[in-house]
There are 2 protein chains.
Amino acid sequence: EDEVGTKDLDSPWANEPKRHPVLKPAAETPFNAEPPLDILVQKFITPVEFFYVRNHLPVPVIDEKSYELEIEVEGSEKTLTLSLDELKKMPKYSVTAAIQCGGNRRSDMHAVKPVKGLSWGAAAIGNATWSGVRLRDVLKSMGVENDENKHVILEGHDLDPTAAPYAASIPLYKAMDERGDVLLAYEMNGKPLTRDHGYPVRAIVPGVVGSRNVKWLARVVVSDKESDSHWQQKDYKGFSPSTDWDTVDFSKSPAIQNLPVTSAICQPQPGEKVKVVDGFITARGYAWSGGGNKIVRVDITADGGKSWHVAELEQSDAHPGRHYSWTLWTIKIPVEEGKQEVEIWAKAVDSNYNCQPETFENTWNLRGVLSNAYHRVKVSLVR
Amino acid sequence: EDEVGTKDLDSPWANEPKRHPVLKPAAETPFNAEPPLDILVQKFITPVEFFYVRNHLPVPVIDEKSYELEIEVEGSEKTLTLSLDELKKMPKYSVTAAIQCGGNRRSDMHAVKPVKGLSWGAAAIGNATWSGVRLRDVLKSMGVENDENKHVILEGHDLDPTAAPYAASIPLYKAMDERGDVLLAYEMNGKPLTRDHGYPVRAIVPGVVGSRNVKWLARVVVSDKESDSHWQQKDYKGFSPSTDWDTVDFSKSPAIQNLPVTSAICQPQPGEKVKVVDGFITARGYAWSGGGNKIVRVDITADGGKSWHVAELEQSDAHPGRHYSWTLWTIKIPVEEGKQEVEIWAKAVDSNYNCQPETFENTWNLRGVLSNAYHRVKVSLVR
Ligand SMILES: [Mo]
Ligand SMILES: [Mo]
């Protein structure tokens, strides 16, 4: 990849990679961008160059020849240092998993009542095949057994202005779970990770919010405590709709891990003129649920819920609890003769039969995370 | 226990056990009954005699001296026959888990638009400590390894008029999961199971709908296929709100396993006169989510969602994915001066940050299962 640095070599942003022009930035530094929504449903596996980018800090410059991953177990002498070559010699494992930003669809929640955070549309999600080494296998080789009370801290090579790294943690039981499929990944869609997606090694934590899928992985620590990073402790948490910036106590809510069920309409887009064919319009989109929960149904209405239509699903054959990939859906919706405008609503149901909330009013939270109410798109009809 | 048979000894209902008079029957034969809702919140562990009873067929008469549990692995010679004494000699394991009927709160959904099924209130749930042998340990001792595509069929000793047993199945991955805690249980709250709760041995499948927690267990079969029973194939499934009895195809929906997040207000009850103390009223209830998901927040409003109040939670310290117990909650809600009547709403949020749907209109299904919209109770205020 070419670099598109500014001329100021002292700038932390001097070594940013080049990005595909189709990515629409929500912020430039750090770089945060999503593709146009209708690109998402064109392929079941999202091409790397169209995959949303969510960076918290400047992209680090890493030489794979000198790269080393440190793995430590707090309170023991156990440590392991792995070069990229050593990682690649270990048993290789692949998992197809969607990764979604905790702020995906924040703009929908913001529209109801303002929230703080980057204004993401509904495309801060992508579905890729990730390959690498199972964290479970590495930890088992070090003699680690599951402990319900422990955590795995994941630290990146990306540094804040005080030289502290981006960091987050996941429960040890997720890392040790046979069906958890947590990876130290070095490939995305069969190729080495790109710099924006964590080159040379990142964590893949399927079913879990993007922010725990730490990129540019430097250090992995089995610990009695969660990461004390800002992102684990003071961000990426849900609150009641009545909690505001004066009353919020971040210690009172658990850090988001598994994400709730969601869906979005990717085609048509808001305001589009949609052709009615034989009394029907066609819509397409994605649906996904965290925690490995499989999408079992996507219901679509174009008449405010008077009639619901069940979409055709394209999905992997993985089972509930391990269904980490997203689901794409397509539906032909009947529309009344003479109607000039309809609002399409989408809602998904997962394998726990959990469903999306209807509206944002009662799930609103000050950080605008977990923005998973019904997706609604108003379009005009042409015949 | 005494038996309260009819005088007709040929009747399949001649050998029913005696029940506590506090249980209000939704049906007498088979016996289906729930306690008054306000009893539920009096104890974190539901006393056996107040635990809802959901029988599909007559209660079988079983002599524990001759009782044998058959365990088979289809396509292999592996079989195991265990007497109750042999089961009791194996390592004993306890789990505190709520069990909830798939039809709990059906009457709330029915009120919006009629559904078919027993008219359960919100008390077809209870929380108990179950002890027995881990199914995982038994299957491992037989050489069974996890296979994502297999199932465990659970057959009861309760027979329909054609002498076919009640049966259901669960995925093998649930049975084999280290954190799945599936039991062949012979004790409830530290005492032998009562006849209504599956004496001498029942399946406990924590986080999963009651109907898979097969009572009076006769036979366990590891199989390539789900149970072909009526209850697995033609019942206990969710559908879109627009699916009716003319269009329903039971083969199109997955059998319910993990249940979605829910909650209920147990005190006060609808229509009650509630004392306002220093501007506040007090409400109590339960919340629970299937799949081992932990309740992380219960939000209560008495002004239609203008202000939400976060309830105090009483819960076990088990972790998400293995938090099988219910959560009890208490809240003091401020009420406006001069108000004569309020409607209290409860909604719970689980560790995947899934939440309850607001209303039943868009989650209605013809069998009235999965009835988990906000719980709403209208009361009058006295000062
Ligand atoms: Mo994120
Ligand atoms: Mo049930």
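Proteins come first, then strands; the chains are lettered A, B, ... in the order of their sequence lines, and each starts at number 1. Here the structure is a predicted model, which means the values were calculated and not measured.
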Problem set entry | Distance-only side-chain donor-acceptor flag, A:Thr262 / A:Asn372, under 3.5 Å | no

Problem set entry | A:Asn362 portion near chain B, given a 4.5 angstrom heavy-atom threshold | both

Exercise. Tell me, side chain or backbone of A:Thr301 under 4.5 Å from chain B's heavy atoms, or both, or neither?
Worked result: neither

Chain A: which of [options] shares the most heavy-atom pairs with it under 4.5 Å?
options: B:Gln356, B:His309, B:Arg297; answer: B:Arg297
options: B:Glu361, B:Arg322, B:Arg179, B:Glu178; answer: B:Arg179
options: B:Val310, B:Val208, B:Asn146, B:Ile256; answer: B:Ile256

Seminar exercise, completed: Distance col, row B:Trp329:CH2 vs B:Ile300:CD1, nearest 0.5 angstrom, shows 3.5 Å

For this session: Determine the option with the most heavy-atom pairs under 4.5 angstrom with chain B, choosing from A:Gly207, A:Pro241, A:Ser289, A:Pro171.
Result: A:Pro241

Exercise. Between A:Asn354, A:Asn258, A:Thr363, which has the largest tally of heavy atom pairs under 4.5 Å with chain B?
Worked result: A:Asn354

Shortest non-hydrogen contact from [X] to [Y]?
X: A:Ile295; Y: A:Val298; result: CG2-CG2, 3.8 Å
X: B:Lys113; Y: B:Trp364; result: O-NE1, 2.7 Å
X: B:Ser169; Y: B:Ile153; result: CB-CA, 3.9 Å

Report which part of [X] has an atom under 4.5 Å of a heavy atom belonging to chain A: side chain, backbone, both, or neither.
X: B:Lys347; result: side chain
X: B:Asn149; result: both
X: B:Pro320; result: both

For this session: Before accepting this row, confirm whether a basic side-chain N of the pair A:Lys140/A:Asp137 lies closer than 4.0 Å to the acidic partner's carboxylate O.
Result: no

Seminar exercise, completed: Hits for salt bridge (charged side-chain N to carboxylate O under 4.0 Å, His left out) against B:Asp303, two or more places apart or cross-chain, chain-then-number order -> none

